[in-house]
Participant: 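Please find one structure pasted underneath; my questions will follow.
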Amino acid sequence: MIEREGVVLPRILDQIQKANDIKDIDPEEYRALAKEIRRFLIQNISKTGGHLASNLGVVELTMALHLALNLPEDKIVWDVGHQAYTHKILTGRKENFATLRKYEGMSGFPRTAESDCDSFDTGHSSTSISAALGLCKARDIQGEDNTVVAVIGDGALSGGMAYEALNNAARLKSNMIIILNDNNMSIAENVGGMSNYLGKIRTNGAYLGMKGEIEKTLKSIPKVGDSIVNRVRKSKESIKHLFIPGMLFEDMGVTYLGPVDGHNINDLLTALKSAKKLNGAVIIHAVTKKGKGYRLAEENPTKYHGIDPFDVKTGELIKKSSSESFTSVYSNTLCELASENEKIVAITAAMPTGTGLTQFMKEYPDRCFDVGIAEEHAVTFAAGLAAGGLKPFVSIYSTFLQRAYDQMIHDVCIGNYPVVFAIDRAGIVGNDGETHQGIFDISYLSSIPNMTILAPKNKQEFADMLHFCSEFNGPIAIRYPRGRVSLCYNNESTPVEFGKAEVLSKNSGILVLAYGTMVEMAYQVEQELSIRNVASSVVNVRFVKPFDMEMIEEMLQTHDTVVTMEENVYSGSFGETIGAYLMEHGHSDKTFIPISLSDDFLEHGDPDQLKAKIGFTAEAITNKILTRMKK
């Protein structure tokens, strides 16, 4: 409830319980509704965490879309999708926000299984135009007439896939609307009265019809008609190039409308109504402000892009991590290595802060490259740098690196170039769900010839491995998780030697092979087995590829059971490799127990909660081992 002039009235937001309810709201209340939505988002995200700044920036844009469209018949495809919170509110999911990004709760991204108003599952960038174009063609082939809209940010247009889709969309003969959500003015700087005026003239139906009639009349003039039309066309194009900021799209064959104030609902509705009348692909350029309505987010949108629970008044995180993270260790070590080797360069795909390259950028601005949301380009660019004699470190999240699989094979590994792939967020990541879990990298990397893969168990080993990578003459990938560095075996440190594992404890009975974060879990399992009077040995694999066959053969002499432990799906995993090795080398008599993730997509939720659910705890793994041994 809210109070106005002493009269208590229902909150406007409470009147929206399902899709299209916004159409019953008095237009005079739109501004107040936008404020209520922002207040709701800030209050809820401060408790659950999530993507704040991007969602605050698209409130009016989302309202306009819901006013102009009829959901779920009409389709909205959100690029990446982390800015779809207002869309979820307007489609009746407001009461679910307390469960945002929690296990079995509401996803932080569009999910078709969650609502029929979510037309396409998204999570990665630069995909929306391709998906929307597919929905358009499916509509046309089936004789339907609904509206399809793709919403894409200016940052996502740095991804080549968006341009591939635009090139294809230019051939479309039916309606398709692309909303360019520009919150950085990165596409067109010359916003002003003339641009808005020309945009309105060009989208006016009467103007479009008049243009065709004039051209027809001019052509009818004997002998000189065609010549006049061509001259008019050339002069018209020259004028458009001078005054219209969207000529890049126009030249591709996509109609451009705008720029439009992305926080003015009436202007947005006018543009949407005009766009719906056009046959072909049309871009509406909406200029928005990231973080709008919350001063702290407006001043620092990067901090509030994806944020953990925070205090609304101060903006400070409620729970601050006091421990060092793998990302910070990477940041410090890479700067140290770069000070010793001037050939070291770093590459990021629009994630300098997330991948720990902020400090590197400050210290070595000429040796750090942010290529935008373009992982494919980042990898081939790195190959070119390596071919030119430099030592590139490609810093990318596990889930995003998989987008550059072909480039790793074709451009790096065939040429055997010394590129280092620093793979952050490997393993179970958590709250962002299926599209962001780093549980496939071992599978997609291990099949590539010339690729070496290693993973650190703790801080010291990570730093040592990075030194090893800096001197390695070939493609090499080092994977590490999000969050704190492990303190397990902190005093245990042996030199990193190519392809060699590290024996951490040597007994008999059960041989546990683990790498990365699972080494700490292996230690806990060893303690659990010891309590139950079962002997075991723990080996830190270190090198997933090539693995230490000599060590395994030696350990198999005194062990009857082999256990592998990893945060990766089983298909293509280290465990699958070891299982095949045992069968092929005469060890089929050994009991083999692979502990890995099932070949499924892993939903969103707190990482510890997810691990408990799937049996990735020391107690659950111990019980699984003992049960299997009894059988």
Participant: Any luck finding a side-chain donor-acceptor pair between N181 and T288 under 3.5 Å?
Facilitator: yes

Participant: Once you measure the plane-to-plane angle for Y444 and Y405, does it fall in the parallel (<30°), tilted (30-60°) or perpendicular (>60°) bin?
Facilitator: perpendicular

Participant: Counting heavy atoms not belonging to E73, are there more than 12 under 6.0 Å from its CD?
Facilitator: yes

Participant: Is it the case that S573 and N568 place a side-chain donor and acceptor less than 3.5 Å from each other?
Facilitator: no

Participant: Looking at S331 and G356, would you say the former's side chain and the latter's main chain have a donor-acceptor pair under 3.5 Å?
Facilitator: yes

Participant: Check whether T333 reaches the backbone of Y330 with its side chain - one donor and one acceptor, N or O, closer than 3.5 Å.
Facilitator: no

Participant: Using atom types as modelled and distance alone, determine if a side-chain donor or acceptor of S158 lies under 3.5 Å from a backbone N or O of I373.
Facilitator: yes

Participant: Counting neighbours of CD on E28 that are heavy atoms of other residues, nucleotides or ligands and sit closer than 6.0 Å, is the number greater than 12?
Facilitator: no

Participant: With a 4.5 Å heavy-atom cut-off, do M518 and F616 have their side chains touching?
Facilitator: yes

Participant: Closer than 3.5 angstrom, by distance alone: can the side chain of H604 be matched with the main-chain N or O of G105 as a donor-acceptor pair?
Facilitator: yes

Participant: Once you measure the plane-to-plane angle for Y364 and F360, does it fall in the parallel (<30°), tilted (30-60°) or perpendicular (>60°) bin?
Facilitator: tilted

Participant: Taking atom types as modelled, is there a side-chain donor on H66 or D21 under 3.5 Å from an acceptor on the other?
Facilitator: no

Participant: Does Y570 offer a backbone N or O that forms a donor-acceptor pair with the side chain of D599 under 3.5 Å?
Facilitator: yes

Participant: Answer yes or no: is there a donor N or O on one side and an acceptor on the other, between the side chain of Q83 and the main chain of G81, under 3.5 Å?
Facilitator: yes

Participant: Would D432 and R101 count as a salt bridge (charged side-chain N to carboxylate O under 4.0 Å, His left out) here? Give the steps.
Facilitator: CA-CA 7 Å; D432 285 333; R101 306 199 316 154; 2.8 Å; yes

Participant: With distance as the sole test, does T122 use its side chain to make a donor-acceptor pair with the main-chain N or O of D79 at under 3.5 Å?
Facilitator: no

Participant: Just wondering, are more than 12 heavy atoms of other shown residues or ligands nearer than 6.0 Å to CZ in R93?
Facilitator: yes

Participant: Can we call the ring centroids of H285 and F249 under 6.0 Å apart?
Facilitator: no

Participant: Report yes or no: does S328 contribute a side-chain atom to a donor-acceptor pair with the main-chain N or O of E324 at less than 3.5 Å?
Facilitator: no

Participant: Would you say V569 and S443 make side-chain contact, with heavy atoms under 4.5 Å?
Facilitator: yes

Participant: In residues 50-65, what donor-acceptor pairs under 3.5 Å come from side-chain atoms, sequence neighbours left out?
Facilitator:
from : atom 1 : to   : atom 2 : distance (Å)
N55  : OD1    : A84  : N      : 3.4
N55  : OD1    : Y85  : N      : 2.8
N55  : ND2    : H51  : O      : 2.6
N55  : ND2    : H82  : O      : 2.7
E60  : OE1    : R38  : NH2    : 2.8
E60  : OE1    : H263 : ND1    : 2.9
E60  : OE2    : R38  : NH1    : 2.8
E60  : OE2    : R38  : NH2    : 3.4
T62  : OG1    : V58  : O      : 2.6

Participant: Under the 3.5 angstrom rule, does the side chain of E461 hit a backbone N or O of K457 as a donor-acceptor pair?
Facilitator: yes

Participant: Under 3.5 Å, is there a donor-acceptor pair between the side chain of T348 and the main chain of D370?
Facilitator: no

Participant: Do S486 and E520 have side-chain atoms, one donor and one acceptor, less than 3.5 Å apart?
Facilitator: yes

Participant: Going by atom types only, do T399 and H124 share a side-chain donor-acceptor pair under 3.5 Å?
Facilitator: yes

Participant: Could you tell me whether K613 atom NZ has more than 12 heavy atoms of other residues or ligands within 6.0 Å of it?
Facilitator: no

Participant: Show your working on ring-ring contact (aromatic ring centres under 6.0 Å, His included) between F310 and Y304 and close with a plain yes or no.
Facilitator: CA-CA 10 Å; F310 63 97; Y304 294 91; 5.8 Å; yes

Participant: Is K75 atom NZ crowded by more than 12 heavy atoms from other residues, nucleotides or ligands, each under 6.0 Å away?
Facilitator: yes

Participant: Ignoring hydrogens, what is the shortest heavy-atom contact between I129 and M176? Give both atom names and the distance.
Facilitator: O-CE, 3.5 Å

Participant: Kindly give the heavy-atom pair with the smallest separation between I347 and P392, and that separation in Å.
Facilitator: CD1-CB, 4.2 Å

Participant: Restricting to non-hydrogen atoms, name the atom on G605 and the atom on L610 that form the minimum distance, rounded to 0.1 Å.
Facilitator: O-CD1, 3.5 Å

